[in-house]
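Predicted model, so just to flag it, every value in this text is computed and none were measured. Throughout, protein chains are lettered first and strands after them, A, B, ... in sequence-line order, and every chain is numbered starting at 1.
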Amino acid sequence: MAPGDAGILNSLLDLEYHAIAAYSAGLPLLHPEDGGRAAKQFLGQELAHAVALQDLVKDAKAKPAKPRASYDLGSPRTGEEVLVLLHKLENAQLAGYLAMIPLLAPGKVRSAVAAIFANEAQHLAVIRSRLGRAPAPEPLVTGRE
Amino acid sequence: MTPALSENPATRRELVSGAVAMVGGAVGVGAISAIAQPADGWAASAPTVGDAGVLTRALQIEQLVVIAYERVLSAGALGPAGSGAVRGFYSHELQHVSTLERALMDLGATIPAPPHDTASAQRGLSVHHVPRSLTQLGTARDCLKLLIDVESVAEGAYFDAVASLGDAGRMRTAAEIMGCEAQHWTVLSGLLNRFNVLRSVPYPFVAGSK
């Protein structure tokens with residue numbers, strides 16, 4: 001890997017930590033039939049992303065970033081407000097991954113990160129649907145909603 | 001790996017064992033150029049190296065995806081909700097084709113002709129281990145399973161493209177399209193599985209199939 005790759009991967013890891021914090025905090029406010037089951041599934045997947053990114057950072061002979069002490073999650077009080085927060089964070093992740101993928105030197109690492117990006121796009125589709133919006137409205141997923 | 005979704009477990013690469021293991025296989029230009037082409041010579045003259053080769057392969061797969069969507073829409077076996085979603089996704093696929101054609105023209109490469117008939121398209125699907133028929137689409141289930149399988153192949157093409165492309169802008173576009181195909185896959189799987197999220201977003205890593 002190139003010298004900058006570990007830093008890029010650590011910045012993506014921080015996005016994952018932020019999402020993990022949001023899913024963990026938001027789950028109690030979501031009814032299982034109204035986004036809760038999906039959020040539980042997605043939390044597990046975000047944790048898997050974090051582990052994969054940590055492993056990639058280690059492969060680059062660097063130290064994986066640790067989660068910050070706290071993340072700004074706002075103050076969602078209802079299930080819908082949690083979904084709005086998750087929608088925002090999934091978009092932030094998508095934009096972050098898209099910006100970083102071309103900067104990563106090894107092709108295999110780029111595709112590994114793209115595999116995570118595509119899963120985040122799936123999360124966004126389900127969250128959009130739960131918010132009453134079209135799940136997949138655009139031909140390109142840009143994270144700019 | 002998702003028999004309940006596609007009944008085609010050997011071809012799926014939606015992986016659960018981690019991103020590093022997921023990319024353990026070679027995905028470079030050599031692997032791209034080694035991919036078998038249909039025996040009837042469809043796209044036999046396509047470039048096999050460099051960004052043009054990668055984009056040509058993606059376009060050939062998009063051409064198959066478009067044919068699958070057209071077949072499904074003309075079969076008329078989907079209900080109103082399914083038809084609406086599929087019509088929207090078909091429009092996306094046409095835009096992906098246009099995007100790839102423009103990129104190939106910018107590179108001065110030849111745009112491959114799409115399969116000239118249904119038999120040729122069916123052989124194209126076989127090359128990618130898609131066993132579904134383009135003509136026997138009597139039920140919504142038949143239709144959704146075909147589309148899920150071709151979306152998996154498209155995901156796989158862009159997964160490889162992101163690794164193999166040399167130009168940063170093209171890498172980004174490939175990833176943006178890959179995200180769209182993954183969303184299609186999720187909605188189609190949701191339609192097939194009563195929107196059970198365990199089935200429609202089953203894995204943390206989306207790599208598609210070959």
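Here the closest non-hydrogen pair linking Val162(B) and Arg110(A) is O-NE, 2.9 Å. Of all heavy-atom pairs spanning Ser111(A) and Lys108(A), the tightest one is OG-O, 3.1 Å. Nearest heavy-atom pair across Pro131(B) and Asp149(B) is CD-OD2, 3.9 Å. The two residues Ile111(B) and Leu59(B) make their nearest non-hydrogen contact at CG2-CD2, 3.8 Å. The shortest non-hydrogen separation linking Leu107(B) to Leu55(B) is CD1-CD1, 3.7 Å. The shortest heavy-atom contact between Ala118(A) and Val206(B) is CB-CB, 3.7 Å.
Close approach to chain B, defined as a heavy atom under 4.5 Å from one of its heavy atoms, is seen in no residue of residues 62-82 of chain A. Of residues 15-45 of chain A, those residues lying under 4.5 Å from chain B by any heavy-atom pair are Arg37(A), Ala38(A), Gln41(A), Phe42(A), Gln45(A). Of all residues spanning residues 73-95 of chain B, those with a heavy atom less than 4.5 Å away from chain A's heavy atoms are Phe89(B), His92(B), Gln95(B), arranged by number. Among residues 132-145 of chain A, the residues having any heavy atom closer than 4.5 Å to a heavy atom of chain B are, in sequence order, Pro135(A), Ala136(A), Pro137(A), Glu138(A), Pro139(A), Leu140(A), Val141(A), Thr142(A), Arg144(A).
Distance alone, capped at 3.5 Å, is enough to place a donor-acceptor pair between the Asp142(B) side chain and the Thr139(B) backbone. For Asp51(B) (side chain) and Gly166(B) (main-chain N/O), a donor-acceptor pair under 3.5 Å exists by modelled atom type. Asp167(B) places a side-chain N or O within donor-acceptor distance of the main-chain N or O of Arg170(B), the cut-off being under 3.5 Å. In terms of modelled atom types and a separation under 3.5 Å, the side chain of Asp5(A) and the main chain of Ala2(A) share a donor-acceptor contact. Thr186(B) places a side-chain N or O within 3.5 Å of a backbone atom of Ser200(B) that can act as its donor or acceptor partner.
Residue Tyr203(B) holds its OH atom at 11.0 Å from CD of Gln122(A), rounded to the nearest 0.5 Å. Interatomic distance, OG of Ser133(B) versus CZ of Arg71(B), reported as 9.0 Å (0.5 Å rounding). Here Gln183(B) contributes atom CD and Glu155(B) contributes atom CD; the two are 11.0 Å apart, rounded to the nearest 0.5 Å.
A side-chain contact (heavy atoms from CB on, under 4.5 Å) with Val150(B) holds for exactly one of Leu125(B), Leu64(B), Val66(B); it is Leu125(B).
Only the side chain of Val187(B) comes within contact range of chain A, with at least one heavy atom under 4.5 Å from a heavy atom of that chain.
Of the listed residues Glu181(B), Met178(B), Arg172(B), the one with more heavy-atom pairs under 4.5 angstrom with chain A than any other is Arg172(B). Residue with the most contacts toward chain B among Val126(A), Ile101(A), Leu98(A): Leu98(A) (heavy-atom pairs, distance under 4.5 Å).
Within the 4.5 Å cutoff, side-chain heavy atoms of Leu9(A) are placed close to those of Val113(A).
Gln93(A) and His123(A) share no side-chain donor-acceptor pair at under 3.5 Å.
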Applying side-chain hydrogen bond (donor to acceptor under 3.5 Å, both in side chains) to Tyr158(B) and Glu176(B), what does each step give before you reach the verdict?
CA-CA 9 Å; Tyr158(B) 292 107; Glu176(B) 289 174 341; over 6 Å; no
